[in-house]
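Have a look at the structure below before the remarks.
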Amino acid sequence: MNERPQQPETTTTTSTQPAARSSHSATRILTGVAAVFLVIALVIFVLQNTEKAHVEFLGLNLDVAQGVSLLLAAIIGFLIAVLGNGVMRLRRRVHNRH
């Protein structure tokens with residue numbers, strides 16, 4: 001009559017989920033550190049290239065620092081690449097559905 005309630009059997013399963021979280025957060029941290037270093041490098045670049053340059057673009061006549069004009073050109077190039085990549089992915093997705 002003095003029986004103990006039976007404990008449910010516990011099974012040990014190996015899961016990779018905690019390791020995946022650790023790997024994901026490590027990647028996030030490294031990405032953040034790389035972004036901080038990139039921003040610092042870009043600020044230094046702009047501050048060291050302060051000589052004025054005349055830029056004509058789409059009817060605009062601007063006198064801006066060389067560093068700023070090169071940084072803007074790099075940003076525009078990056079945006080073109082990202083948009084081109086998005087268009088290619090969309091075309092591939094549409095093509096694969098048909």
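Fair warning: this is a prediction, and the values are worked out from it, not measured in the lab.
Tracing side-chain contacts under 4.5 Å through hydrophobic residues (I, L, V, M, F, W, Y), one never reaches Ile44 starting from Val39; they form parts of separate clusters. Hydrophobic clustering, with ILVMFWY side chains joined whenever heavy atoms are under 4.5 angstrom apart, keeps Ile40 apart from Val46. No path of Ile, Leu, Val, Met, Phe, Trp and Tyr side chains, each step under 4.5 Å between heavy atoms, connects Leu30 with Val36, placing them in separate hydrophobic clusters. Hydrophobic clustering of Ile, Leu, Val, Met, Phe, Trp and Tyr side chains at less than 4.5 Å, counting indirect connections, keeps Ile76 apart from Leu38. Leu70 and Val64 fall into different hydrophobic clusters, defined by Ile, Leu, Val, Met, Phe, Trp and Tyr side-chain heavy atoms under 4.5 Å apart, directly or through other members.
Looking only at side-chain heavy atoms (C-beta outward), Arg89 and Arg93 stay at 4.5 Å or farther from each other.
Paired with Leu42 under the rule side chain to side chain contact (heavy atoms under 4.5 Å, CB included), one option of Leu47, Ile75, Leu71 passes, and it is Leu71.
Pairs of residues two or more places apart, or lying in two chains, that qualify as side-chain hydrogen bond (donor to acceptor under 3.5 Å, both in side chains) and include a residue from residues 44-58 are His54-Glu56, His54-Asp63.
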